[in-house]
Amino acid sequence: MIKIKNLHASIEGKEILKGINLEIKAGEVHAIMGPNGSGKSTLSSVLAGREEFEVTEGSVEFDGKDLLDLAPEDRAREGLFLAFQYPIEIPGVSNINFLKTAINETRAYKGMEPVSAKEFLAMVKEKSALVELDAKLANRSVNEGFSGGEKKRNEIFQMAMLTPKLAILDETDSGLDIDALRIVANGVNKLKSPNNATIVITHYQRLLDYIIPDFVHVLYDGKIVKSGGKELALELEEKGYDWIKNELKIRN
Amino acid sequence: MTEDELKKELKDQEYKYGFTSNIESEVIPKGLNEDVVRLISSKKEEPLWLLDFRLKAFAHWKTMVEKRWAHVSYPEIDFQAISYYSSPKGKKEVSWDEVDPEMKATMDKLGISMDEQKALSGVAVDFVFDSVSVKTSFQEKLQELGIIFCSFSEAVKNHPDLVKKYMGTVVPPSDNFYAALNSAVFSDGSFCYIPKGVRCPMELSTYFRINEANTGQFERTLLIADEGSYVSYLEGCTAPSRDENQLHAAVVELISLDDAEIKYSTVQNWYPGDKNGKGGIYNFVTKRGICHNNSKISWTQVETGSAVTWKYPSCILKGDNAIGEFYSVAVTNNYQQADTGTKMIHLGKNTKSTIISKGISAGHSNNSYRGLVQIHKNATNARNFTQCDSLLMSDKCGAHTFPYIEVKNSTAKLEHEATTSKIGEDQIFYCNQRGISTEKAINLIVNGYCKDVLNKLPMEFAVEAQKLLEISLEGSVG
């Protein structure tokens with residue numbers, strides 16, 4: 001699905017990612033954990049194509065294509081989805097209109113006809129139930145006046161509507177209470193299939209109680225310093241990130 | 001497709017109404033003096049009282065100096081270098097079949113449907129080409145209800161009492177420099193009268209088209225809604241792309257008698273000039289309405305065209321419980337300049353006004369909101385709500401807000417909200433990440449930003465206005 005090789009990226013001359021290597025196959029869930037400032041959000045931004053970040057070295061192959069060569073909108077159309085840590089408000093643009101535009105742009109890219117109103121509405125109904133999103137929210141302006149939890153649920157709702165191949169959840173658990181966390185996680189789990197993959201970026205182990213990862217990677221100072229199975233997350237939770245830091249010091 | 005063709009198509013896309021119609025016109029020589037005023041009046045076979053009105057206005061205009069208080073700059077206008085009358089040759093056609101095919105083709109290109117059988121949702125249209133009204137549709141049908149909808153010239157001939165009674169009562173010839181000029185040399189325009197208690201069943205609309213070079217367009221619109229009546233009126237305007245600037249100085253007067261309601265919508269798309277600010281229309285327009293007891297006037301405008309715009313559709317809330325509304329979207333791109341807003345003059349008790357202004361500036365343009373809310377001594381319990389927002393699309397453009405508030409009655413309640421924001425890169429990226437291109441993202445964001453105003457437009461116009469916003473802002477983020 002995605003092959004990240006020796007990825008280096010910097011912002012305003014400061015190197016944040018210092019050689020990331022990661023391969024994810026269809027059907028897998030990978031968790032990326034790490035302390036603040038380790039480069040977790042930078043990695044998601046670089047993959048999604050934020051312009052402020054400059055890729056200085058390395059390559060990313062996504063479904064056989066050179067991802068870094070694609071414009072952000074084309075990455076999305078190819079099936080890369082980023083659930084934002086801080087979803088953006090767009091006043092005056094209804095969620096429905098926004099999603100319909102997004103779906104039709106992607107369909108046009110693939111040479112398909114625009115979605116019919118009937119089909120679209122059926123999708124909205126089905127997918128909003130998945131994240132227990134109030135139907136009224138679908139008609140409100142994108143994220144405007146949404147609570148923190150509603151914004152995150154809306155991200156997963158959009159993900160459900162756009163059916164990406166690879167979804168990156170960037171600290172989707174931040175700011176969620178336990179009920180909202182369960183709803184969001186349930187949504188993600190229901191969307192899981194042998195044909196898609198998920199990267200869960202998180203600071204805490206908590207979310208991984210609900211979304212069970214196949215692999216856990218620890219990101220520290222712009223590099224993946226440790227990888228393992230789901231038990232690694234528990235170990236991290238128990239020993240804290242200092243454990244990793246100390247281990248690295250000893251190794252060096 | 002060759003590169004040249006592609007370039008041409010791109011250019012056309014920028015301003016698709018920039019074509020010139022090859023219609024033979026009678027144009028009077030350039031220059032302005034009393035004889036020209038008399039010539040216009042005689043060409044239109046006007047009664048003496050109207051000639052008198054013109055001559056008085058002209059005499060007054062000569063004593064006036066053009067005041068330059070608006071936040072726009074343009075060179076001195078040479079009023080002797082303009083021709084004040086241009087009319088397509090031939091007599092005014094009576095039936096649709098007799099209309100010049102080239103004129104029909106022009107209307108087609110502009111997307112105007114005069115064919116009453118084919119008209120979609122029943123919009124009656126008056127088409128004003130340069131100085132004269134060419135054709136008005138649905139006249140007979142409207143007549144059955146006693147509604148008069150015709151060109152200003154026809155109104156002078158057929159309904160002189162109404163014209164005489166109301167013309168110049170809301171915008172007196174001495175009001176300002178360009179209103180005085182218009183009063184002296186106006187050539188045509190639209191006239192509308194809705195009788196007592198009649199709800200006009202269709203949208204009335206006037207389409208203004210400048211075609212001739214070196215002419216000015218000076219039209220007048222007079223709209224009277226008699227007691228308890230209702231009308232929704234639309235105007236649209238376009239002009240060919242030319243390197244010279246052309247002057248458009250119109251006067252619009254609305255009279256909303258007791259319990260009447262007028263909804264007046266404008267989509268202004270005069271040629272804005274090219275990317276470097278060459279050419280374009282100077283759009284200096286005086287629009288004002290008077291509201292009597294329990295009546296309402298609602299102005300909605302989408303302003304995307306013209307090199308320089310100077311325009312303040314206003315309401316005089318004379319009667320008790322009168323309501324005035326102003327909803328505006330003004331877009332400036334490249335080197336366009338706009339100074340637009342409204343005046344709400346509260347004279348009656350319990351009068352209410354609402355102002356929602358959305359400015360969008362792109363390129364090197366300058367966009368100003370200028371608004372006056374005036375509460376007079378006797379206007380007890382007057383209320384106003386004003387919201388003016390500015391959206392900046394580049395870092396070389398300007399957005400300015402000049403609100404004026406004068407309150408002479410302590411029971412008045414006024415609210416004023418204003419925001420200025422730059423179009424968010426975060427918003428655009430968020431759209432990109434959902435598969436939406438930057439161009440489409442800007443359209444979405446801008447349309448969302450203007451939604452409160454676009455919602456006030458009649459359906460068909462709203463769609464056109466949205467498209468217009470798209471075209472006006474193409475490639476404007478930077």
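Basis for what follows: all heavy atoms, side chains included, without hydrogens, waters or symmetry-related copies. Chain naming here is simple, since letters A, B, ... match the order of the sequence lines and numbering starts at 1 in each.
- Heavy-atom contacts from other residues, nucleotides or ligands closer than 6.0 Å to NZ of B:K440 number 12 or fewer.
- Using a 4.5 Å heavy-atom threshold, the side chains of A:R50 and B:D426 count as touching.
- Checking side-chain atoms of B:Q433 against main-chain N and O of A:P72 turns up no donor-acceptor pair under 3.5 Å.
- Outside the 6.0 Å centre-distance limit, the rings of B:Y430 and A:Y86 are not counted as a close aromatic pair.
- Rounded to the nearest 0.5 angstrom, A:R77 CZ and B:S437 OG are separated by 6.0 Å.
- With a threshold of 4.5 angstrom between heavy atoms, A:L80 approaches chain B through its backbone and through its side chain.
- A 6.0 Å sphere centred on CZ of B:R383 holds no more than 12 heavy atoms belonging to other residues, nucleotides or ligands.
- In this structure, the portion of A:Q158 lying under 4.5 Å from any heavy atom of chain B is its side chain and not its backbone.
- Neither the backbone nor the side chain of B:C450 comes within less than 4.5 Å of any heavy atom of chain A.
- A:F98 does not carry B:R434 over the face of its six-membered ring by the limits of under 6.0 Å from the centre and within 45° of the normal.
- Interface residue A:I90: backbone and side-chain heavy atoms are both found under 4.5 Å from chain B.
- B:L444 places a side-chain heavy atom less than 4.5 Å from the side chain of A:N97.
- Here the straight-line distance linking atom CD of A:E73 with atom CG of B:N432 works out to 4.5 Å at 0.5 Å rounding.
- For B:K352, the NZ atom sits in a loose shell: 12 or fewer heavy atoms of surrounding residues, nucleotides or ligands are nearer than 6.0 Å.
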(request) Could you walk me through whether B:K451 and A:S94 pass the side-chain contact (heavy atoms from CB on, under 4.5 Å) test, one step at a time? (result) CA-CA 10 Å; B:K451 200 180 80 177; A:S94 74; over 6 Å; no

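- Heavy-atom neighbours of A:E23 CD from other residues, nucleotides or ligands within 6.0 Å: above the threshold of 12.
- Dense packing is recorded around CD of A:E52, with more than 12 heavy atoms of other residues, nucleotides or ligands lying under 6.0 Å away.
- Pairing each heavy atom of B:G435 with each of A:A76, the nearest pair is N-CB, 3.3 Å.
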